[in-house]
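Here's the structure, in structure tokens; my notes come after.
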Amino acid sequence: MTEFLRVLTDNWELFVDGFTNTVYLFLISAVGSLVLGVLLGAFRVSPIPALRWFGASYVNIVRNTPLTLVFAFLVFAVPKLDVNLGYDQAAFTALTVYTAAFVCEVVRSGINTVPPGQAEAARALGMTFDQVLGQVILPQALRAMVPPLVSVMIAMLKNTTVAAGFSVLEAGAIPAYMAELGEPQFYVLLWITIGFLILITPLVLLQRSLERKWAVAR
């Protein structure tokens, strides 16, 4: 137990920096993926065929591409096009682009839970597609969307560890640094696991609470 605690106390700054960057990476990417995902979800149900095609193509391509390849493309291929992204910016972009595809599908599924008659009635009143979606459909679909969206965010939080393989100092990079210091990897990984449990548990509790509160009648 003494050795276990020593690993944390002797390397406290490294753990703090790693998990601070993980939280920062998660928060920025969460906002970006939610905005992009909702936009893509609107494309998926748009009356304009070109937008529906774009939304469907984006989801099918990105969801079937490993996240590691998305990172590799942004870190190694994009600079060849004279677009210089730093490692952190590439990580934000990769997580946002990748997670947005899953957010899009949650949004589309949530929209489909709203009876079609709601949209038809709104259109009969002369409302535009944007008004129907923003004022009628999305508010009703929200309770069906939020619990699965939390699941997507939990998955993205765990996916931040992929950034460690691309020179980003976050929680997933801690073992490599600690190995250079000769620290026992078993204890290092235990502390990282505990750290992620601390971050993820509030999201899980939030999800369960919303599922109970906003249960959709079937």
Side-chain angles (χ1 to χ4, degrees), residues 14 17-46 50-110 145 147-180 185 188-189 192-193 195-197 199-200 203-204 207:
L14 179 59
D17 289 344
F19 276 99
T20 298
N21 288 338
T22 292
V23 172
Y24 180 62
L25 183 60
F26 166 71
L27 292 176
I28 298 297
S29 302
V31 172
S33 62
L34 287 172
V35 172
L36 180 57
V38 170
L39 179 61
L40 290 168
F43 285 179
R44 292 296 306 272
V45 299
S46 170
L51 292 180
R52 291 201 304 272
W53 175 85
F54 177 83
S57 299
Y58 182 100
V59 170
N60 288 330
I61 291 172
V62 174
R63 283 204 311 173
N64 292 300
T65 301
L67 178 57
T68 304
L69 290 183
V70 178
F71 268 90
F73 178 79
L74 290 169
V75 172
F76 302 119
V78 169
K80 302 295 183 182
L81 303 175
D82 293 328
V83 178
N84 295 317
L85 292 174
Y87 291 122
D88 288 343
Q89 289 77 12
F92 295 140
T93 305
L95 288 168
T96 296
V97 167
Y98 184 77
T99 308
F102 296 89
V103 172
C104 171
E105 286 302 277
V106 171
V107 172
R108 183 182 65 83
S109 298
M145 288 162 42
L149 279 177
V150 176
S151 292
V152 171
M153 293 298 105
I154 290 172
M156 188 182 71
L157 177 56
K158 292 183 286 187
N159 283 340
T160 58
T161 56
V162 176
F166 297 90
S167 301
V168 177
L169 174 58
E170 45 76 50
I174 293 175
Y177 285 91
M178 299 290 267
E180 294 180 0
Q185 289 293 292
V188 172
L189 293 174
I192 293 174
T193 300
F196 271 103
L197 286 174
L199 294 178
I200 291 172
L203 294 176
V204 173
Q207 180 186 40

Between L69 and T65, the two heavy atoms sitting closest are CB-CG2, 4.0 Å
With a 4.5 Å limit on heavy-atom distance, are the side chains of S33 and L95 in contact?
no
Ring centres under 6.0 Å, that's the criterion: do F196 and F19 meet it?
yes
With sequence neighbours left out, write down each residue that passes ring-ring contact (aromatic ring centres under 6.0 Å, His included) with F73, or none if nothing qualifies.
none
Please give me the minimum heavy-atom distance between P175 and A171, naming the atom from each residue.
CD-O, 3.8 Å
Within this structure, what is the OG1-CE distance for the pair T99 and M153, rounded to the nearest 0.5 Å?
6.0 Å
Distance-minimising heavy-atom pair for R44 and E105
NH1-OE2, 2.6 Å
Distance, nearest 0.5 Å, that separates CZ of F26 from CD1 of I154
8.5 Å
Between L157 and T22, is there a side-chain heavy-atom distance shorter than 4.5 Å?
yes
Does the ring centre of F92 sit less than 6.0 Å away from the ring centre of Y24?
yes
Quick one, V103 and L36 - any side-chain contact, counting heavy atoms below 4.5 Å?
no
Ignoring hydrogens and geometry, is there a side-chain-to-backbone donor-acceptor pair from S46 to A42 under 3.5 Å?
no
Correct closest heavy-atom pair for L25 and A163 would be CD2-CB, 4.1 Å
Around atom OH of Y177, are there more than 12 heavy atoms of other residues, nucleotides or ligands at under 6.0 Å?
no
Donor-acceptor contact present, side-chain S109 to main-chain V106, <3.5 Å
no
Looking at every non-hydrogen atom in both residues, tell me the closest pair between C104 and G41 and how far apart they are.
SG-N, 3.6 Å
On a heavy-atom basis, the closest approach of A91 and V168 is CB-CG2, 4.1 Å
I'd like to know whether OH of Y58 has more than 12 heavy-atom contacts from other residues, nucleotides or ligands below 6.0 angstrom.
yes
Test item: E170 side-chain N/O and A164 main-chain N/O as donor-acceptor pair under 3.5 Å
yes
Calculate, to the nearest 0.5 Å, the distance between atoms CG and OG1 belonging to L74 and T93 respectively.
6.0 Å
With rounding to the nearest 0.5 angstrom, report the CG to CG distance, L203 to L149.
12.0 Å
Is there side-chain contact between R108 and V59, with heavy atoms separated by less than 4.5 Å?
no
